[in-house]
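Within every chain, numbering begins at 1; the chains are lettered A, B, ... in the order of the sequence lines, protein sequences first and strands thereafter.
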Amino acid sequence: MAEEVRVRFAPSPTGEPHIGNVRTALFNWLFAKSCGGKFVVRVEDTDQERLVPGAMDAVLDCLEWLNIPWDEGPRVGGPYAPYIQSERLSIYQELAESLLREGRAYPCYCSRDRLARMRDERRVQGFTTAHACECRTMTTQERRDKEAENGAPVIRFGMPTSGVTKVHDLIRGDVEWQNDLQEDFIILKSDGFPTYHLAVVTDDHLMNISHVLRAEEWLPSTPRHLQLYDALGFDPPEFGHLPIILGPDRSKLSKRHGATGVLEYREEGFLPEALVNFMALLGWSLDDKTEVLPVEEIASNFTLDRITKSAAVFDREKLEWMSGVYMRQLSTGDLAGRMLPFLERDLPGDSLPVEQPYLERIVPLVQERVKLLSEADEWTSYFFNDVPEYDPKTLVQRGMDVQGTLGALRRAMDEVASTESFDHESLEALLRAVGAELGLSARQFFGVLRTAVTGRTAAPPLFETMEVLGRDLVALRLESAAERLDQVSQSEEL
RNA sequence: GGCGCGUUCGUCUAGAGGCCCAGGACACCGCCCUCUCAAGGCGGAGAUCGCGGGUUCGAAUCCCGCACGCGCUACCA
């Protein structure tokens, strides 16, 4: 009988949550969902020096924003609590102690300098930089002497000096390492904190993790973990090493590549469901055609054998496209609700407050034009003021002159003021006829009106826009346009 | 330097011996639609499947070698 699938995401709170981290979280969660397993979050805060206050909350906020819930972990608790490693120190210390007693680990008194020198020497000699110092074979007396002069040692794990360590990686297949090339790595630092290696192995075992799905950069430390499992008498979980995510220069995605923090994408107004879909496609695919699919469908079709082995370059342009796709799928009310906080943030103060019912009339006009919520203000600002800012000269369309443009504006003013129905269909019928009468093409006439009404040369359909703005505002803007154009042309003639 | 992993259009990918002189998507170009911008439709360009050897009637797919890229090589994760 197969055991319950339990996977975990184990971020270390050392900075802003990163696309790479979150993609790993997503794959773990997808895998758990795909087989009815549990997804646990565990905070690996064993590096006190690099610890960044608030980083843990940022990670958790990201997961929540992306709608990736966890079954156990911080904020939700669970049967294996605590899920924060700094609260579990005694567990690791006891295990390190027992390893020490059994002779599988030993105290090491070497200084960093000495270690660095040894590594350099080995490197020039063409050897691996690994392997142990002589602390491994010290006598008890020698240790006592060292301790007196050097203070607290670190605890190193003694790797086997012969044989190979093999893993059957769920994604990469069989991989093996020669043991004598492996380093005697530190499991307990001199401050009493465990290193990653001891802590993961311990907690993955204690928390009953069945599958370790982590980034490929961890593959080289897998033999260490396997040997630790063995020495501790624990059954190892299954391992699967996920392809890493690269920046445009094909090196591991990192801060120097610019926007890599997930929170930045939230600030920019990417839709979380688009980010999730997009990240899932970084290393996984359903088939040869389908790319846009809801997360439930990704989860129900998610299998490890469809994960790629090769690293993937993060393509922001495609993400933007996908965000637009999801944007268009939203209902009016939903989109309006999501836009609101962005408009409140980005619109000038005198345009506020934004009323949701009014916004919902605007949304259908801009929905298929907006890719990011942070663009919402650019697309809608002229709905929230009296007269938009623009260069009056842009009123004059190709093939027209100032006088003709002024005439067109004044004629439109009259029509707008006197027409009975102000719905877009009537307006279009009416103004089309007027344009023809003036001898202007639709492009010209509507171009003049577009600039006058919206202040821009690219905007949603004119007549729907007018309908939403209402007769008074439209009339005001047409009038203002005529005045401003008149002024400019006069001042330039002088 | 050592160890490990990887290598299909610029990018994400499909492909598990004949369906592939390689399919889809983003980006790009053109046309259509059209009041502008989008969205949409149609079409185009773009990959000698890293290279060289094998195996086979037949290889992107299997084997070997090489090259290149990336990762790891901390009292960081």
Practice problem: Check every strand shown and say whether Thr46(A) touches a base, only sugar-phosphate, or nothing at a heavy-atom separation below 4.0 Å. | Solution: sugar-phosphate
Practice problem: Determine the contact category for Ile244(A): base if any of its heavy atoms lies under 4.0 Å from a base atom, sugar-phosphate if only primed atoms, P, OP1 or OP2 are that close, otherwise nothing. | Solution: sugar-phosphate
Quiz item: Using a cut-off of 4.0 Å on non-hydrogen atoms, how would the nucleic acid contact of Arg306(A) be classed: base, sugar-phosphate, or nothing?
Solution: sugar-phosphate
Quiz item: Between Thr308(A) and U13(B), does any side-chain N or O lie under 4.0 Å from OP1 or OP2?
Solution: yes
Practice problem: Remember a base hit wins even if backbone is also touched, and classify Leu282(A) as base, sugar-phosphate or nothing at under 4.0 Å, heavy atoms. | Solution: sugar-phosphate
Practice problem: Would you mind classifying the nucleic acid contact of Ser190(A) as base, sugar-phosphate or nothing, using non-hydrogen atoms under 4.0 angstrom? | Solution: base
Quiz item: Roughly, in whole Å, what's the span from NE2 in His197(A) to P in A74(B)?
Solution: 10 Å
Quiz item: Should Thr195(A) be listed as having a side-chain N or O under 4.0 Å from OP1 or OP2 of A77(B)?
Solution: no
Quiz item: Which part of the nucleic acid, if any, lies within reach of Gly283(A) when heavy atoms closer than 4.0 Å are counted: base, sugar-phosphate only, or nothing?
Solution: sugar-phosphate
Quiz item: Glu464(A) side chain: which of C76(B), C75(B), C35(B) is closest?
Solution: C35(B)
Quiz item: Counting only heavy atoms not in Lys189(A), do more than 12 fall under 6.0 Å of its NZ?
Solution: yes
Self-check item: Integer-rounded Å distance: C5(B) C1' and Ile171(A) CD1
Solution: 12 Å
Quiz item: Across all strands shown, which nucleotide pairs with G52(B) by Watson-Crick or G-U wobble geometry, both distances under 3.5 Å?
Solution: C64(B)
Practice problem: Could you check how far CE of Met118(A) sits from P of C75(B), rounded to whole Å? | Solution: 11 Å
Practice problem: Return yes if the base of C37(B) and the side-chain atoms of Arg369(A) contain a donor-acceptor N/O pair under 3.5 Å, otherwise no. | Solution: yes
Self-check item: Nearest listed nucleotide, side chain of Pro461(A), among A27(B), C35(B), U11(B)
Solution: C35(B)
Quiz item: What is the nucleic acid contact for Ser285(A), judged by heavy atoms within less than 4.0 Å: base, sugar-phosphate only, or nothing?
Solution: sugar-phosphate
Quiz item: For U13(B), does OP1 or OP2 lie under 4.0 Å from any side-chain N or O of Lys289(A)?
Solution: no
Practice problem: Name the nucleic acid region contacted by Trp177(A), choosing base, sugar-phosphate or nothing; use a 4.0 angstrom heavy-atom cut-off, strictly under. | Solution: sugar-phosphate
Quiz item: Hey, does Val175(A) reach any base, or is it just sugar-phosphate, or nothing, if we go heavy atoms under 4.0 Å?
Solution: sugar-phosphate
Exercise. When you get a sec, tell me which of A39(B), C72(B), C35(B) is the closest nucleotide to the side chain of Arg432(A)?
Key: C35(B)
Practice problem: Ignoring the backbone of Leu115(A), work out which of C75(B), C26(B), A77(B) is nearest its side chain. | Solution: C75(B)
Quiz item: Using the P atom in both, what is the distance from C49(B) to G44(B), to the nearest Å?
Solution: 22 Å
Practice problem: Assert yes or no for the condition that the ring centre distance of His205(A) to Tyr229(A) is strictly below 6.0 Å. | Solution: no
Quiz item: Can you find a side chain N or O atom of Lys189(A) that sits less than 4.0 Å from OP1 or OP2 on A74(B)?
Solution: no
Quiz item: Given A77(B), C75(B), A27(B), which nucleotide is nearest the side-chain atoms of Tyr196(A)?
Solution: A77(B)
Quiz item: If you measure from the P atom in U13(B) to the same atom in G2(B), how many Å do you get, rounded?
Solution: 30 Å
Exercise. For G1(B), take OP1 and OP2 only and decide whether either is under 4.0 Å from a side-chain N or O of Arg122(A).
Key: no
Exercise. Establish, yes or no, whether a centroid distance under 6.0 Å links the rings of Phe278(A) and Phe314(A).
Key: yes
Quiz item: Atom CG of Asp288(A) and atom C1' of A47(B): how far apart are they, to the nearest Å?
Solution: 17 Å
Quiz item: Under a 4.0 Å heavy-atom cut-off, which of residues 444-453 of chain A touch RNA chain B?
Solution: Phe446(A), Arg450(A)
Quiz item: For Glu317(A), what residues pass the side chain to side chain contact (heavy atoms under 4.5 Å, CB included) criterion, not counting sequence neighbours?
Solution: Asp315(A)
Quiz item: Looking at residues at least two apart in the chain, or sitting in another chain, which of them share a side chain to side chain contact (heavy atoms under 4.5 Å, CB included) with Leu89(A)?
Solution: Tyr92(A), Gln93(A), Phe193(A), Pro194(A)
Exercise. Side chain of Asp47(A) only, please: which of C26(B), G71(B), C76(B) is the nearest?
Key: C76(B)
Exercise. State yes or no: are the ring centers of Trp70(A) and Phe9(A) separated by less than 6.0 Å?
Key: no
Quiz item: Out of U36(B), C75(B), A74(B), which has the shortest distance to the side chain of Val154(A)?
Solution: C75(B)
Quiz item: So, His225(A) versus Tyr196(A), ring centres under 6.0 angstrom or not?
Solution: yes
Quiz item: If you look at every strand shown and take non-hydrogen atoms under 4.0 Å, does Ala459(A) touch a base, only sugar-phosphate, or nothing?
Solution: base
Exercise. Check every strand shown and say whether Ser441(A) touches a base, only sugar-phosphate, or nothing at a heavy-atom separation below 4.0 Å.
Key: nothing
Quiz prompt | Closest contact, heavy atoms only, Val41(A) versus Pro74(A) | solution = O-CD, 3.3 Å
Quiz item: Within this structure, what is the CD1-to-P distance between Ile245(A) and U11(B), rounded to whole angstrom?
Solution: 16 Å
Practice problem: Tell me what Pro243(A) touches on the nucleic acid: a base, only sugar-phosphate, or nothing, going by heavy atoms under 4.0 Å. | Solution: nothing
Quiz item: How close or far is atom C1' of C35(B) from atom CG of Leu365(A), stated in whole angstroms?
Solution: 14 Å
Quiz item: Does a side-chain N or O from Arg119(A) land closer than 4.0 Å to OP1 or OP2 of A74(B), or not?
Solution: yes
Practice problem: Taking only the side-chain nitrogens and oxygens of Arg328(A), find out if one of them lies under 4.0 Å from OP1 or OP2 of G40(B). | Solution: yes
Quiz item: Are Ser254(A) and His18(A) linked by a side-chain donor-acceptor pair shorter than 3.5 Å?
Solution: no
Quiz item: Between the base of G24(B) and the side chain of Glu291(A), is there a donor-acceptor distance below 3.5 Å?
Solution: yes
Quiz item: Does the Arg369(A) side chain pair with the main chain of Leu365(A), one donor and one acceptor, at a distance under 3.5 Å?
Solution: yes
Quiz item: Can you check whether Arg224(A) has a side-chain N or O nearer than 4.0 Å to OP1 or OP2 of C3(B)?
Solution: no
Exercise. Could you work out which one of C72(B), G6(B), C35(B) sits closest to the side chain of Ser310(A)?
Key: G6(B)
Quiz item: Across the strands shown, which category fits Arg443(A) at heavy-atom distances under 4.0 angstrom: base, sugar-phosphate, nothing?
Solution: sugar-phosphate
Practice problem: Find out whether the Lys NZ or Arg CZ of Arg443(A) is both under 6.0 angstrom from the six-membered ring centre of Phe445(A) and within 45° of the ring's axis. | Solution: no
Quiz prompt | Under-4.0 Å side-chain N/O to phosphate OP1/OP2 contact, Arg112(A) with A74(B) | solution = no
